[in-house]
Amino acid sequence: MSVLKLKYPFSPSGFVAAAAAISTTTISHRFPCLEIAPTPSSPKPKHPQHLLSLLLKHPSQPQLLQQVHCHIITSGLFHYPFNNTSTCLLLLNNVIRCYSRGPSPHLALHFFRYTQHSHTLFTYPSLDTFSFAFLSHASANPTCTHFGTQLHALVFKVGFQFHVYVQTGLLQMYSSWGLLVEAAQVFYQMPHRSLVTWNVFITGLITWGEVELALSVFSQMSSRSVVSWTLVIDGYTRKNQPMKALALFREMIEVDGIEPTHVTLLTIFPAIANIGCIKICQSAHGYAEKRGFNAFDIRITNALIDLYAKCGCIASVNRFLQELPDQRKNLVSWTSAISGFAMNGMGREALETFENMEKAGLRPNRVTFLSVLSACSHGGLVQEGLNFFVKMVEDCKLVPDIKHYGCVIDMLGRAGRLEEAEKVASQVPHEVANAVMWRTLLGACSVHNNVEIGQRVTRKILEMERGHGGDYVLMSNILVGVGRFKDAQRLRDMIDKRIAFKLPGYSIV
DNA sequence: TTAGGGTTAG
C-alpha cells in the first residue's frame, strides 16, 4: 500500500527519538539558509504589519508573495527586534500559507528554512500551531517527504502531537504521499478529531484506491457532512461502480436528509454517464434544474452537456448550445459539445461548433483540439483533421501529447492510410510513445487486412507490453483473414505461454 | 488554520 518509506519507524516514541536526535544545531545544519543579517546597505525594512496587510489583501498573487519573501530576506526584517513579534509570526505564517496554496508550495519550505537561521527571531520553538499546519500543507506532495518527516519530528518536540489542526495537516501530508499506514497511525492516535480530519482521511484512502476502507471509515463517523458523502460517492464513481455511487447519493438525501452541493452533482454525473441511461440523466437534470444549480453554475451546465452526449442524446446537446447565450458559454462548454458530437460520430457538427466557438472569440486549447481531432477521426474527415493538427502546432503553438498523436494515427488508420499512420506513429517522440498508440494502428491493420504492417506493429507492441491478450488475437485474426491458419494458431498459443490475458467478450443485449 | 473533479485518443 505504501509507496514511500518513512525515514524513522512509525510510532510516537520513534518520532520522539527522531526529534531528540535532531538538535537545534542539526536542524540549522540540515536547513542551510541565507546568511543575511542587516547591513547598512540593506533596504529599510517595511513594517511587518504593512507586509501582512498586503498578503491578506492579495493572498493569491504569486508575484506579490515573492516580493514580500524577497523583502523579508534582503531587509533582514526578521533580525530586527520589533516590539510586536506576534505580527512577525503572523507574517511568517501567512507567507507559508500563501505559498502552500499556490502553484509552488515548495517555496514555503525554502522560506521556512530561512527563518530557521539562528539570527532570526523565529526558530522552531517560537512557531505556533498555525505554522505547523501550513507547513504540513506545503509538504503535501511526494517531493517533500524528507522535510515532512522532520516536520513530524518537530511537532513532537514542540508538543503539538495532540493538536487537531496540526495532526490533520500531518494526516493530509502522509495521505498525499500514499503512506496510508502512517496516515492511519496519525488518525487513530488523535484523541480528538474534527469533521475535516475524517474527510481528509477518507480523501486519502479514496485517492489511493482504497474505497472499501474509505466506506468503512465513513460508516464510523458519528455525523457526516455533504463533503463526506460526496467523497465516498466520488470514490465509487472512480472505481467504476456507478450503481453503488447512485445508491449512496439517494441514501444521503433520503436517510441523512443532506442536500447535495454542486460538487456532489458534478460527482454523480459521470456515474450516470457510465450507466448511459437517458432516463436517469433526465431525472438528474430535472433535479439540478429544480434546485437552481444550472441557472447559476456554468460548471453544472457544462457537465450536463457532457452527460447528455455520453447518454447518446445529441438533441439535448444542440438544445443547450442554442439556449445558452454565447456570453455564458466558456471554453469547456464549447469543448464538451464538440467532444459530444465526436463521440456520436457527428464530425461535421463538431467542426461547425468549433467554427462558432472561434467566432464567439474563444481560443481552443489542447482538449478542444483533441475533441475536434477525435471528431474528424470518427467522421472520416481526414484532411480536415490533418489541417487541425497543423493549426494546433503552428498557429496556436500547442505541443501535441500522446492523445493527439493517437487521434491522428486512428484517423489515418480508419481511412486505410496505414503507411502514413505507421509513419506518424514511428515519428512520435520516444518519451511519449506508448503501446495504446500502436494497438490503435494494429486494430486498423485488422480492419484493412494488412499483414505486413500488422506484423511490424505487433513486434513494436510486444517490445513494450506482452500481457495484453487482445494484441495476439488481433494479429491472429489478420493472419486468419489471409488464410495463414497455422501462424494464427501459433500466436493464439502464445497467449497461454506468455500469461497474457484476454477477457472473453459478452453482450447483455 | 485543515476537506469534496466542468471538457481529454483507443
Side-chain angles (χ1 to χ4, degrees), chain A residues 90 93-94 96-97 100-101 128-137 140 163-173 175 193-204 206-207 224-235 237-238 260-270 273 294 297-307 309-310 330-340 342-343 364-378 385 400-411 413-414 434-444 468 470:
Chain A
L90 267 174
N93 286 345
N94 273 287
I96 295 171
R97 177 166 68 159
S100 75
R101 288 179 173 179
D128 62 9
T129 55
F130 289 75
S131 325
F132 283 96
F134 299 150
L135 280 168
S136 40
H137 193 64
H163 191 278
V164 173
Y165 281 82
V166 173
Q167 292 302 308
T168 304
L170 290 173
L171 172 63
Q172 191 198 23
M173 183 185 81
S175 298
R193 303 179 193 112
S194 69
L195 183 62
V196 176
T197 314
W198 288 86
N199 290 342
V200 165
F201 191 35
I202 291 172
T203 305
I206 285 171
T207 305
R224 303 134 173 177
S225 69
V226 66
V227 176
S228 328
W229 278 100
T230 304
L231 285 169
V232 287
I233 291 169
D234 179 44
T237 303
R238 285 170 192 248
T261 65
H262 71 283
V263 181
T264 324
L265 291 183
L266 294 172
T267 301
I268 207 72
F269 288 166
N294 44 337
D297 197 332
I298 189 65
R299 290 170 299 180
I300 294 286
T301 310
N302 292 344
L304 280 167
I305 294 173
D306 182 57
L307 176 57
K310 283 175 177 161
N330 63 15
L331 189 58
V332 180
S333 325
W334 290 104
T335 303
S336 302
I338 294 168
S339 162
M343 69 181 75
N365 66 7
R366 286 154 67 123
V367 185
T368 321
F369 273 110
L370 189 61
S371 303
V372 83
L373 285 172
S374 169
C376 293
S377 170
H378 290 105
D401 64 30
I402 187 60
K403 293 181 181 174
H404 297 98
Y405 288 117
C407 261
V408 173
I409 292 163
D410 186 44
M411 186 169 68
R414 279 174 196 260
N434 65 11
V436 178
M437 163 194 104
W438 287 108
R439 194 166 290 133
T440 305
L441 182 51
L442 184 61
H468 195 274

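Letters A, B, ... mirror the listed sequences (proteins, then strands); counts begin at 1.
Residues satisfying the salt bridge (charged side-chain N to carboxylate O under 4.0 Å, His left out) criterion with R97(A), sequence neighbours excluded, are absent altogether. With sequence neighbours excluded, the residues that form a side-chain contact (heavy atoms from CB on, under 4.5 Å) with S175(A) are L171(A), A183(A).
Here the closest non-hydrogen pair linking G385(A) and L373(A) is O-CD2, 3.3 Å.
Nucleic acid contact for R366(A): none, since no nucleic acid atom lies under 4.0 Å from a heavy atom of the residue. Within 4.0 Å of I402(A), counting heavy atoms only, lies at least one base atom of the nucleic acid. H404(A) comes within contact range of no nucleotide atom at all, as no heavy-atom separation falls under 4.0 Å. Across all strands, R414(A) comes closer than 4.0 Å only to sugar-phosphate atoms, never to a base (heavy-atom distances). Across all strands, V226(A) comes closer than 4.0 Å to base atoms (heavy-atom distances).
The side chain of K310(A) contributes an N or O atom lying less than 4.0 Å from OP1 or OP2 of dT8(B). Taking side-chain N and O atoms only, H262(A) has no distance below 4.0 Å to OP1 or OP2 of dG4(B).
DNA chain B lies under 4.0 Å from at least one heavy atom of each of the following residues of residues 196-204 of chain A: V196(A), N199(A), V200(A).
At a cut-off of 3.5 angstrom, counting only N and O atoms as typed in the model, there is a donor on one side and an acceptor on the other between the side-chain of R238(A) and the base of dG5(B).
Here K403(A) does not pair with D401(A) in a salt bridge; the nearest charged N to carboxylate O distance is not below 4.0 Å.
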